[in-house]
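The next block holds one structure in the form of structure tokens; read it before the comments.
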Amino acid sequence: MSEGRLPKQTVPGQIHDGFLPGRHGIDAYGNGGFRFGQMSHRGSILLLPSGVRAWEVTEAAGIDGRSLAPVLAEAEGIELLLVGTGADIVFLPDPLRQRLKAAGIGLDAMQTGAAARTYNILMAENRKVAAALIAVP
């Protein structure tokens, strides 16, 4: 899996500058990362309508308006945000929930594995879904 600063060269199937364009399902998760788009990435990720981004969040306490700014920037294309909070379910603060609601985005927090599986199903149904997934060991 890739770590740290991601490569700048253009190679098919690799995440560039922390971003892989297009919608991709999650093929696998665990061991501190994810497999998607015929590649793997170590660390947390955001799955957005525009593509997959590396996400600096490593624990649920790091989920805030700043860390979700890319989600809010694409709010027009998102009706539901699935948040994978790691191995345990963590309730997200009401002000954050209200900020997303004001942007027209529903929020559902769950364990990362459940969020990845749910994302795959909703994406396959062509729903306006995004996911913020914290990597799990």
Side-chain angles (χ1 to χ4, degrees):
M1 294 192 179
S2 60
E3 289 188 48
R5 184 85 175 139
L6 301 171
K8 288 191 177 212
Q9 68 273 16
T10 303
V11 178
Q14 284 193 348
I15 197 166
H16 305 288
D17 290 331
F19 181 73
L20 178 65
R23 292 184 59 119
H24 301 277
I26 299 297
D27 299 318
Y29 59 90
N31 294 324
F34 300 88
R35 289 194 53 74
F36 56 88
Q38 300 179 14
M39 62 159 293
S40 61
H41 170 74
R42 182 170 296 282
S44 302
I45 57 174
L46 291 174
L47 297 124
L48 303 170
S50 63
V52 183
R53 298 187 173 278
W55 194 35
E56 75 280 0
V57 174
T58 58
E59 60 186 13
I63 301 172
D64 58 19
R66 186 192 61 74
S67 70
L68 293 179
V71 174
L72 292 166
E74 294 192 37
E76 287 185 23
I78 302 169
E79 292 177 352
L80 176 63
L81 174 65
L82 301 169
V83 178
T85 57
D88 298 314
I89 299 171
V90 176
F91 183 79
L92 299 177
D94 194 54
L96 180 59
R97 290 176 171 278
Q98 293 304 319
R99 186 170 178 187
L100 290 165
K101 183 177 180 180
I105 300 172
L107 175 67
D108 199 354
M110 58 191 78
Q111 293 173 320
T112 293
R117 292 187 299 273
T118 303
Y119 173 81
N120 283 345
I121 292 167
L122 296 177
M123 188 192 71
E125 294 175 351
N126 206 27
R127 301 271 303 273
K128 291 183 173 185
V129 64
L133 305 177
I134 296 175
V136 293

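Predicted model, so just to flag it, every value in this text is computed and none were measured. Below, all heavy atoms of this structure are taken into account, side chains as well, without hydrogens, waters or symmetry copies.
Atom CZ of residue R53 and atom CZ of residue F19 lie 5.0 Å apart, to the nearest 0.5 angstrom. Rounding to the nearest 0.5 Å places CE of M39 at 11.0 Å from CG of D27.
Take R127 and apply the salt bridge (charged side-chain N to carboxylate O under 4.0 Å, His left out) test, not counting sequence neighbours, and it matches E125.
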Problem set entry | side-chain contact (heavy atoms from CB on, under 4.5 Å) between V129 and R23, intermediate numbers included | CA-CA 10 Å; V129 64; R23 292 184 59 119; 3.7 Å; yes
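Looking only at distances, no side-chain donor or acceptor of W55 sits under 3.5 Å from a matching main-chain atom of I134. Under a 3.5 Å cut-off, the side chain of S40 and the backbone N or O of R35 do not form any donor-acceptor pair. Between the R117 side chain and the I26 main chain, no donor and acceptor come within less than 3.5 Å of each other. Not a single donor-acceptor pair under 3.5 Å links the side chain of T112 to the backbone N or O of L133.
The hydrophobic clustering, which links ILVMFWY residues whose side-chain heavy atoms are closer than 4.5 Å, places I105 and L122 apart. When hydrophobic clusters are built by joining Ile, Leu, Val, Met, Phe, Trp and Tyr residues whose side-chain heavy atoms come closer than 4.5 Å, directly or via intermediates, V52 is not grouped with V57. Note on L72 and L47: separate hydrophobic clusters, where clusters join Ile, Leu, Val, Met, Phe, Trp and Tyr whose side-chain heavy atoms are under 4.5 Å apart, directly or indirectly.
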Without placing hydrogens or testing angles, list every side-chain donor-acceptor pair under 3.5 Å for residues 73-80, not counting sequence neighbours.
unit_1	atom_1	unit_2	atom_2	d
E74	OE1	S50	N	3.1
E74	OE1	S50	OG	3.3
E74	OE2	S50	OG	2.5

In a table with atom names and distances, give each donor-acceptor pair under 3.5 Å that connects a side chain of residues 81-90 to protein atoms at least two apart or in another chain.
unit_1	atom_1	unit_2	atom_2	d
T85	OG1	D88	O	2.6
T85	OG1	V90	N	3.3
T85	OG1	M110	O	3.3

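Residue Y119 comes nearest to H24 through the heavy atom pair CE2-O, 3.4 Å, listed as atom of the first residue, atom of the second, then distance. G25 approaches F36 most closely through the heavy-atom pair O-CB, 3.3 Å. When all heavy atoms of R99 and G65 are compared, the pair lying nearest together is NH1-CA, 3.2 Å. Y29 approaches A116 most closely through the heavy-atom pair CD2-CB, 4.2 Å. S67 approaches I63 most closely through the heavy-atom pair OG-CA, 3.5 Å.
A heavy-atom distance below 4.5 Å is found between the side chains of L48 and V71.
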